[in-house]
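A short worksheet on the structure shown next.
In what follows, chains carry the letters A, B, and so on, assigned in the order in which the sequence lines appear, proteins first and then strands, with residues in each chain numbered from 1.
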Amino acid sequence: METLTSLILIFIGAALINNFVLHYFVGICPFLGVSRRVDTAFGMGCAVTFVISISALLNWTATYFVLRPGAPLPAWVWQLAGGNPETQIDLSVLSYIIYIFVIASSVQFVEMYVRKFFPSLYRSFGVYLPLITTNCAILFGSLEIMKRLQDPTKLWGLHEALTLAVGGGIGFTIAISLMAGIREELDMADVPAPLKGAGIALIVAGIMAMGFMGFTGVEKGVASAIGALLP
Amino acid sequence: MAREEPTALERFINGVLPENPIYRQLLGMCPVLAVTSAMKPAMTMAGATAFVLICANIVISLMRSLLKPHLRILVFTLTIATFVTIADKFLAAYVYEMSKQLGPYVPLIIVNCLIISRCEICASKQSVGVAAADAVGMSLGFALALASIATVREILGSGMWFGLRVLPGSWPGWGIMVLPPGAFLSLGLLLGAAEWVSRKRARTNLWRTVRMLWSWRR
């Protein structure tokens with residue numbers, strides 16, 4: 001029961017309270033660039049959610065078994081090579097290089113897979129897939145998971161890492177779809193000429209961020225509600 | 001090559017204002033919004049980005065003849081990731097407090113579109129000197145943009161600048177300016193202001209040209 005509550009809290013925290021775009025400012029480039037129409041924005045959101053989950057899965061595996069301080073695989077190799085078993089091995093200096101490599105290659109594979117098996121889906125957001133490599137949100141998700149794997153007393157399991165990734169991706173989808181809906185209406189509005197384009201989009205995002213600040217503190221209520229529903 | 005590549009000096013000058021990475025090209029927006037609640041983190045971020053950009057541009061330019069077209073983006077990101085690791089460890093060793101405050105935004109320099117676009121546009125095509133000048137110019141432009149936004153946000157938000165009090169102590173301090181919405185609002189308004197100034201300047205230039213032509217005809 002505690003696991004379920006903590007998973008729900010992680011999900012709500014990533015999707016709404018600490019929204020990736022409006023609280024942490026990651027993924028701003030697609031948020032401004034691909035938010036002209038609702039359908040493309042939604043497609044972009046789905047692609048990001050998909051890639052963020054896959055890279056979270058791979059990066060959690062790499063961090064848990066190889067990169068974190070006291071990880072099993074390097075320790076095993078070290079003992080096999082005849083090293084002192086007391087030595088603590090920490091490969092986390094390599095983590096950024098591994099993460100970006102994993103993200104870049106998984107985007108490449110997803111692109112190949114989608115092109116081969118879902119040609120219509122590929123046509124609808126094929127253009128945005130290569131762009132996802134340089135989307136900060138993906139790397140940010142992996143970094144957040146890495147932060148939770150540094151302290152050996154309370155390590156995050158795969159289920160928690162995946163919940164954070166999916167929640168973050170859905171939060172991104174919500175933000176970019178809302179933004180696209182507002183911008184479709186903005187086309188009809190009389191915006192001062194110098195603010196047209198990115199300027200007014202950023203101001204709208206600021207007002208949305210104020211709205212999302214209203215979610216602060218929701219987690220306590222959600223936790224007590226779950227406690228009351230499922231004793 | 002039909003078009004002649006710009007020289008080192010042109011690259012340098014272009015980076016500072018005419019092709020300013022933030023105000024003109026809208027590149028690398030994440031750190032611009034995230035670390036500009038005060039001047040100190042903003043300048044630390046600008047320094048780290050400048051280090052990574054200059055080193056990556058020089059290295060990519062040195063190995064530009066070895067690059068394969070389909071692998072070049074991967075090579076760019078791995079080079080950048082190496083330098084980001086160096087910068088991150090350096091910050092953690094010497095300015096630990098600042099490194100903790102910047103948190104994930106230092107590793108996020110890896111996916112800063114500004115650096116990849118400079119590697120792609122300039123460093124993978126031109127010699128080391130030009131690439132270095134381009135990187136220095138772009139870093140200066142980036143630092144200027146960060147400084148402008150951080151100045152507005154820190155002065156309005158807390159009445160301080162670089163931690164020194166500039167507005168009287170009775171200044172209420174607009175809390176919203178140091179929170180996430182303030183970043184979006186101030187960047188949006190500053191973008192509008194920059195656009196307005198450049199339009200106005202373009203119009204006066206046009207006016208001057210018309211007047212000059214008129215006097216020449218008389």
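- When each of A:G206, A:A209, A:P194 is checked for heavy-atom pairs under 4.5 Å with chain B, A:P194 comes out on top.
- Between chain A and the residues B:L189, B:L108, B:L190, the most heavy-atom pairs under 4.5 angstrom are made by B:L108.
- At a 4.5 Å heavy-atom cutoff, the contact between B:I110 and chain A is made by side-chain atoms alone.
- The environment of A:F109 atom CZ is sparse: at most 12 non-hydrogen atoms of other residues, nucleotides or ligands sit within 6.0 angstrom.
- With B:Y105 contributing its side chain and A:Y24 its backbone, the two residues share a donor-acceptor pair below 3.5 Å.
- Contacts between A:L94 and chain B at a heavy-atom distance below 4.5 Å are absent for every atom of the residue.
- At a 4.5 Å heavy-atom cutoff, the contact between A:A193 and chain B is made by backbone and side-chain atoms alike.
- In this structure, B:W171 places its CH2 atom where more than 12 heavy-atom neighbours from other residues, nucleotides or ligands lie under 6.0 Å away.
- When all heavy atoms of A:L202 and B:G188 are compared, the pair lying nearest together is CB-CA, 3.7 Å.
- When each of B:I176, B:L179, B:L74, B:D88 is scored by its heavy-atom pairs under 4.5 Å with chain A, the top score falls to B:D88.
- Options A:I97, A:V26, A:L22 differ in how many heavy-atom pairs under 4.5 Å they form with chain B, and the most are formed by A:I97.
- Within the 4.5 angstrom heavy-atom criterion, only side-chain atoms of B:A183, from C-beta onward, approach chain A.
- More than 12 heavy atoms of other residues, nucleotides or ligands shown are found within 6.0 angstrom of CZ on B:R64.
- Taken from CD1 in A:I203 to CG in B:L191, the straight-line distance is 9.0 Å, to the nearest 0.5 Å.
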Does the pair A:L195 and B:W196 meet the rule for a side-chain contact (heavy atoms from CB on, under 4.5 Å), with working shown?
CA-CA 8 Å; A:L195 280 178; B:W196 184 65; over 6 Å; no
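- The residue among B:T85, B:V84, B:T82 with the most heavy atom pairs within less than 4.5 Å of chain A is B:T85.
- Note on B:G103, B:C30, B:A81: by heavy-atom pairs under 4.5 Å with chain A, the leading option is B:C30.
- Contacts between A:M213 and chain B at a heavy-atom distance below 4.5 Å involve the side chain alone, from C-beta outward.
- Here A:Y96 is the residue among A:F140, A:Y96, A:F31 with the most heavy-atom pairs under 4.5 Å with chain B.
- Residue B:F51 places its CZ atom among more than 12 non-hydrogen atoms of other residues, nucleotides or ligands, all under 6.0 Å distant.
- For the set B:S186, B:A194, B:P104, the count of heavy-atom pairs under 4.5 angstrom toward chain A peaks at B:P104.
- Interface remark: B:L33 contributes backbone and side-chain atoms alike to the contact with chain A (heavy atom separation under 4.5 Å).
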